[in-house]
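Following: one structure in structure tokens, then a few remarks.
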Amino acid sequence: MDIVIRPVTAGEHAELGEITAQAYLGDGLLDFGESDAYLGELRDVAKRAAAAEVLVAVADGALLGGVTFVPGPGPMADLAEPGEAEIRMLAVSPAHRGRGAGEALVRACADRARALGRRRMVLSTQRTMHSAHRVYERLGFTRNPARDWNPLPELDDIMLLVYELTL
């Protein structure tokens, strides 16, 4: 099976949004489940595509998953500083996991960041995303605890871990 990484098309926005939402819900990554406000952000691929680059992994005619590549500071960046690119909302359909789609998406983002002359790529991840951590570490990302952050400061128990890749 050959995985192709390419920009999302407008006709795939709804499908990718649902893949992303279901991946986060299914993995228990949304603290408030179906009522989590972030669920709407995950489903809104059109909004992400208007402000950043959304890439998809496709194989055998099936949409496997996608990622939002943020080329630098801007409306879609949580962490990116000047000279950095950021990965957000990486998700692979549970039915298509274990085939290398997530790793291919991350590699494509690193290639894109290098092509743009970025010196570093950053991402946030939850403590429980152990399989994602293994992918990041295998690709050369390292933890930077000094940049860990809480997207909802009013809630003490939500802390996102930061990984960085020097390009």
Side-chain angles (χ1 to χ4, degrees), residues 5-58 62-82 84-97 101-110 112-113 116 118 120-133 135-136 141 144 147-165:
I5 306 298
R6 61 166 173 74
V8 69
T9 66
E12 294 167 327
H13 286 178
E15 183 180 3
L16 180 59
E18 201 52 36
I19 286 171
T20 307
Q22 292 308 314
Y24 276 65
L25 280 169
D27 290 348
L29 302 175
L30 299 174
D31 289 332
F32 306 105
E34 290 279 353
S35 64
D36 200 301
Y38 195 55
L39 194 57
E41 294 295 315
L42 295 171
R43 285 188 168 120
D44 196 348
V45 176
K47 177 182 173 185
R48 296 196 315 256
E53 299 176 33
V54 178
L55 303 174
V56 292
V58 180
L63 189 60
L64 309 179
V67 66
T68 300
F69 173 77
V70 182
M76 283 301 299
D78 282 333
L79 297 168
E81 297 174 354
E84 295 180 334
E86 184 171 347
I87 295 175
R88 297 210 41 219
M89 302 175 193
L90 173 66
V92 176
S93 166
H96 297 295
R97 290 184 182 166
E103 184 170 329
L105 286 161
V106 174
R107 286 183 186 277
C109 288
R112 183 77 181 110
L116 292 172
R118 301 301 183 258
R120 185 178 305 121
M121 194 162 58
V122 295
L123 61 87
S124 300
T125 183
Q126 293 183 20
R127 286 185 216 120
T128 58
M129 298 171 115
H130 302 294
S131 60
H133 300 167
V135 170
Y136 303 143
F141 283 81
N144 184 346
R147 289 182 80 176
D148 290 354
W149 65 289
N150 182 339
L152 299 171
E154 66 276 12
L155 300 176
D156 292 336
D157 62 341
I158 298 176
M159 183 60 66
L160 296 180
L161 309 180
V162 174
Y163 278 79
E164 300 177 339
L165 175 66

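Here the side chains of V106 and E103 are not in contact, with every heavy-atom distance at 4.5 Å or above. Between Y136 and L90 there is a side-chain heavy-atom pair separated by less than 4.5 Å. Taking 4.5 Å as the limit, every side-chain heavy atom of L55 sits out of range of all side-chain heavy atoms of R6. Between D78 and W149 the shortest side-chain heavy-atom distance falls below 4.5 Å. Put simply, the side chain of K47 reaches to within 4.5 Å of the side chain of E41, judged on heavy atoms. Between R43 and E18, the closest side-chain pair of non-hydrogen atoms falls below 4.5 Å. For the pair I87 and V70, the minimum side-chain heavy-atom distance is 4.5 Å or more. Residues V56 and P7 are not in side-chain contact: their nearest non-hydrogen atoms beyond the backbone lie 4.5 Å or more apart.
In this structure, the side chain of D148 engages the main chain of V162 through a donor-acceptor pair within 3.5 Å.
When every heavy atom of P73 is checked against every heavy atom of A77, the shortest pair comes out as CA-CB, 4.0 Å. Closest of all the heavy-atom pairs between A85 and A80 is C-CB, 4.4 Å. In this structure, G65 and L16 approach most closely via the heavy-atom pair C-CD1, 3.7 Å. Heavy atoms only, all atoms of each residue included: S124 and L79 are closest at OG-CD1, 3.3 Å.
Taking CG from L63 and CD1 from I19, the interatomic distance works out to 4.0 Å, rounded to the nearest 0.5 Å. The CZ atom of R118 sits 10.0 Å away from the CD atom of E84 when rounded to the nearest 0.5 Å. Rounding to the nearest 0.5 Å gives a distance of 12.5 Å between CG of L29 and CZ of R127. In this structure, the separation between CZ on R147 and CG on L160 is 13.0 Å, given to the nearest 0.5 Å. Once rounded to the nearest 0.5 Å, the distance linking CD1 of I5 with CG of L105 reads 4.0 Å. The line from CD of E34 to CG of L39 is 6.0 Å long, rounded to the nearest 0.5 Å.
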Stepwise, does the side chain to side chain contact (heavy atoms under 4.5 Å, CB included) test hold for R88 with M76?
CA-CA 8 Å; R88 297 210 41 219; M76 283 301 299; 3.5 Å; yes

Could you go through the side chain to side chain contact (heavy atoms under 4.5 Å, CB included) check for F69 and V54 one step at a time?
CA-CA 6 Å; F69 173 77; V54 178; over 6 Å; no

Do V8 and H13 pass the side chain to side chain contact (heavy atoms under 4.5 Å, CB included) test, and can you show the C-alpha distance, the side-chain angles, and the key distance before you say yes or no?
CA-CA 7 Å; V8 69; H13 286 178; 3.9 Å; yes

Working for side chain to side chain contact (heavy atoms under 4.5 Å, CB included), residues S93 and H96
CA-CA 5 Å; S93 166; H96 297 295; 3.8 Å; yes

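In summary, R97 and D27 engage in a salt bridge, as defined by a charged side-chain N under 4.0 Å from a carboxylate O. Of the charged side-chain nitrogens involved, none lies within less than 4.0 Å of a carboxylate oxygen, so that E81 and R120 do not count as a salt-bridged pair.
Two rings, from Y163 and H133, have their centers less than 6.0 Å apart.
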